[in-house]
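A quick write-up on the structure given underneath.
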Number of protein chains: 2
Amino acid sequence: MRTSSERVTIREVAARAGVGIATVSRALNGDPEIAATTRARVLSACRDLGYKPSSAARSLKRGRSESVGVAILSRHAPVILNPYYAEVLGGVEMALEAADYHLLLSSLKRNEELLKLAQERRVDGLLVMGCDVAEQVLGALAKTGIPLVLIDNSFDGLPSVTVDHLGGARVAMRHLLDEGYRRIAFVTETLHNANFQARLLGYRSALAEAGIACDEALVAEGGNSWEGGYHAMKAILARAGETPEAVFGANDPAALTAFKALREAGYRVPDDVAVVGFDDIHLSAHHTPPLSTVRIDKRLLGQTGAEMILARINGVIPESVELATELVVRGSSRRV
Amino acid sequence: MRTSSERVTIREVAARAGVGIATVSRALNGDPEIAATTRARVLSACRDLGYKPSSAARSLKRGRSESVGVAILSRHAPVILNPYYAEVLGGVEMALEAADYHLLLSSLKRNEELLKLAQERRVDGLLVMGCDVAEQVLGALAKTGIPLVLIDNSFDGLPSVTVDHLGGARVAMRHLLDEGYRRIAFVTETLHNANFQARLLGYRSALAEAGIACDEALVAEGGNSWEGGYHAMKAILARAGETPEAVFGANDPAALTAFKALREAGYRVPDDVAVVGFDDIHLSAHHTPPLSTVRIDKRLLGQTGAEMILARINGVIPESVELATELVVRGSSRRV
DNA sequence: CTGTTAGCGCTTTCAG
DNA sequence: CTGAAAGCGCTAACAG
């Protein structure tokens with residue numbers, strides 16, 4: 001006894017339209033060699049029956065699942081909470097959606113698990129974002145030949161979308177230098193991260209270029225948490241020496257929480273100390289005062305990555321891309 | 001001519017292990033009626049060949065995809081940016097992961113699109129979160145008989161996980177009332193949302209219980225954006241009457257941005273005006289001063305929803321659940 | 001305990 | 001232009 005919720009298959013559609021199943025398939029897949037009237041009859045039968053082709057059958061036959069796995073490898077625990085990657089993910093979803101691809105979120109999966117996704121053919125490709133990934137994992141993934149695109153990371157032989165961290169940092173520093181600040185601190189959550197290292201490099205090189213010796217007492221790591229910048233700032237303030245005139249945060253959370261430490265220590269921003277961040281997360285513009293920062297077009301980052309993985313899936317090896325950044329000067333670094 | 005990257009199938013494993021394909025299948029699916037030594041031989045052949053069963057073939061045969069679609073229907077545009085749902089999503093992913101289920105993120109998909117996911121059998125069920133969904137959409141989805149669980153919303157006949165908004169709001173108000181505040185404002189992004197309406201109801205009922213007439217000039221909507229609370233607060237401050245002594249935000253963003261409006265108007269929190277929010281998003285604890293709020297266990301919300309949809313997929317209709325909230329008193333509402 | 005066989009629902013030759 | 005038939009890779013009877 002069949003329940004009313006039985007799946008309707010191509011065979012029933014064929015029967016109702018009075019054609020063979022191959023014809024139904026053709027009609028649905030836009031085969032040009034089919035009579036317009038036949039196609040119309042098939043299509044209307046599909047509508048009447050509420051027929052939708054089984055994705056499993058289709059995948060099995062075509063050898064592709066029409067979905068891509070998105071892995072987020074970040075140092076923050078519940079990764080999706082990272083506002084930065086949340087935005088990148090938004091861009092990815094938009095681009096995949098536009099290509100009628102599906103997005104398998106695998107932010108918790110690691111190494112073999114990730115590999116398994118591809119080997120089972122549950123996904124046609126993998127988009128790996130974040131630069132807190134062990135090189136060996138990337139090496140292993142790369143070796144398998146799975147279509148793979150890196151976002152915010154790079155690895156020899158793999159296509160990637162990255163950001164000009166060094167250049168961005170230099171522009172931010174130049175801005176601070178131009179405003180007349182000389183003693184500039186650098187606060188970061190961690191330096192075990194290629195992106196932050198590049199930003200630190202930009203900090204150092206801008207300083208060098210301005211003929212300022214880098215005071216290592218002004219560079220601090222505060223730990224991998226939202227409050228990392230807070231702790232780094234505290235540490236800097238606690239060290240002897242003079243208070244810095246400005247602070248460059250390796251990312252917005254670091255800058256924002258360093259800000260908090262400054263405020264707690266009685267300094268006003270930007271009157272006493274200027275602050276500049278990096279990333280331009282949503283929050284930064286709404287902070288009081290709004291945070292000056294180096295904007296990364298996170299949506300574009302995701303979108304570009306998605307388009308690249310789609311290209312890769314379709315057989316064209318995409319060129320790696322480096323996105324430029326844009327300095328956004330807001331209240332936190334403006335001389336009053 | 002075969003390339004080296006040809007998929008390895010069950011047949012090759014069978015050949016290598018010197019058994020039939022059914023035996024391989026049994027070994028892999030933990031069939032108890034199989035000789036331990038045979039199983040070992042099969043398993044090692046799988047390992048040697050790097051064999052992973054095709055998910056498409058399996059889905060086709062078993063009639064389930066082992067993945068659930070997650071739709072986020074929220075009033076904020078790039079929905080994933082809503083920090084609240086980002087956390088819920090984290091809980092969902094954890095629970096699905098634990099059950100070896102996959103998560104198809106469909107935050108952009110609407111109505112028919114969502115339905116299609118299920119009809120194509122790309123997902124075994126749908127988790128719909130957010131209460132900014134047209135009733136008719138839910139009605140349509142419900143009628144199809146697709147396994148469906150609502151998070152943060154409810155609809156006749158559909159299992160759901162909700163939050164005790166009314167109760168939570170009453171507790172928050174009682175706290176403010178206990179602290180001696182009488183003129184309490186209510187700011188919200190919108191009232192076209194059942195949850196916020198329930199919170200407003202809690203506001204009103206707590207006021208009534210305390211014998212305080214509700215001054216409608218103290219209730220304001222500021223619009224659907226991060227700064228909604230800001231605009232609402234501005235409006236209240238602009239209206240004649242006295243300044244409120246305290247503000248209850250319908251959610252944390254509203255409270256936080258109302259806060260900003262207060263600060264801009266020269267009021268200090270909590271010295272001049274106390275502020276309490278709702279949700280306890282990550283940011284609230286890190287704000288200066290930290291925001292008092294009504295905590296929702298967002299992770300649990302997601303986890304519960306995920307477990308319910310899994311149950312539903314396995315044929316048991318789960319009971320709807322209402323989660324309790326917890327008042328978290330922090331600096332923004334503490335009498336100094 | 002294990003092998004053979006029949007499909008799951010679709011796409012795609014290959015003949016008309 | 002259209003239909004019949006052959007699988008895609010797997011699982012689940014059904015026989016041994």
Side-chain angles (χ1 to χ4, degrees), chain A residues 2 5-43 45-46 49-67 116-124, chain B residues 2-3 5-43 45-46 49-66 116-124:
Chain A
R2 2 186 84 222
S5 71
E6 287 286 315
R7 257 200 81 60
V8 12
T9 80
I10 198 173
R11 241 168 281 279
E12 303 165 47
V13 177
R16 185 179 234 271
V19 300
I21 61 169
T23 301
V24 176
S25 176
R26 289 190 187 102
L28 258 42
N29 293 302
D31 186 316
E33 301 195 334
I34 189 178
T37 89
T38 312
R39 157 174 296 129
R41 200 144 32 88
V42 171
L43 260 28
C46 288
L49 267 38
Y51 170 75
K52 293 279 181 284
S54 143
S55 68
R58 207 171 237 186
S59 296
L60 180 56
K61 191 72 208 178
R62 303 221 260 229
R64 34 163 76 199
S65 59
E66 304 192 278
S67 61
K116 191 172 153 224
L117 278 185
Q119 295 178 312
E120 289 180 330
R121 299 246 143 167
R122 196 174 281 280
V123 300
D124 296 338
Chain B
R2 5 185 81 224
T3 79
S5 71
E6 287 286 315
R7 255 199 81 63
V8 11
T9 80
I10 199 173
R11 239 169 283 279
E12 301 165 48
V13 177
R16 186 178 234 269
V19 299
I21 60 169
T23 300
V24 176
S25 177
R26 288 189 190 103
L28 259 41
N29 293 304
D31 187 316
E33 301 195 332
I34 188 177
T37 90
T38 313
R39 156 173 297 129
R41 198 143 35 88
V42 170
L43 260 27
C46 288
L49 268 38
Y51 170 74
K52 292 279 181 283
S54 144
S55 68
R58 204 171 239 185
S59 296
L60 180 57
K61 189 69 206 179
R62 302 221 261 230
R64 35 165 73 200
S65 59
E66 304 192 278
K116 192 172 152 225
L117 278 186
Q119 295 178 312
E120 289 179 330
R121 297 248 144 167
R122 196 174 283 279
V123 300
D124 297 338

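The structure displayed is predicted, hence computed values, not measured ones. Throughout, a chain's letter reflects where its sequence line sits, starting with A, and its residues are numbered from 1.
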With respect to the side chain of [X], which nucleotide from [options] is positioned closest?
X       : options               : value
A/Ile10 : D/dT2, C/dC10, C/dC8  : C/dC10
B/Arg11 : D/dC10, C/dC8, C/dC10 : D/dC10
B/Ile21 : D/dA12, C/dT2, D/dT11 : D/dT11
B/Leu60 : D/dT2, D/dT11, C/dC8  : C/dC8

Return no unless some side-chain N or O of [X] is found under 4.0 Å from OP1 or OP2 of [N].
X       : N      : result
B/Thr23 : C/dT2  : no
B/Thr38 : C/dC1  : no
A/Arg62 : C/dT11 : yes
A/Arg58 : C/dG9  : no

Exercise. Pick the nucleotide of DNA chain C nearest each of B/Thr37 and A/Asn29; which residue has the one closer to the 5' end?
Worked result: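 The answer here is B/Thr37.
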Exercise. Any N or O donor-acceptor pair linking the side chain of A/Lys61 to the base of D/dG7 at under 3.5 Å?
Worked result: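 Answer is yes: a donor-acceptor pair is held.
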For this session: Confirm from the modelled atom types if A/Arg121 and D/dG9 form a donor-acceptor pair under 3.5 Å, side chain to base only.
Result: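 Looking at the base of D/dG9, it does not pair with any donor or acceptor on the side chain of A/Arg121 (distance under 3.5 Å).
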Problem set entry | Student check: side-chain heavy atoms of B/Cys46 and B/Leu28 closer than 4.5 Å |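 B/Cys46 vs B/Leu28: side chains touch.
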For this session: Residues of residues 49-57 of chain B with any non-hydrogen atom less than 4.0 angstrom from an atom of DNA chain D: list those, numerically ordered, please.
Result: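 Close to the strand are B/Tyr51, B/Pro53, B/Ser54, B/Ala57.
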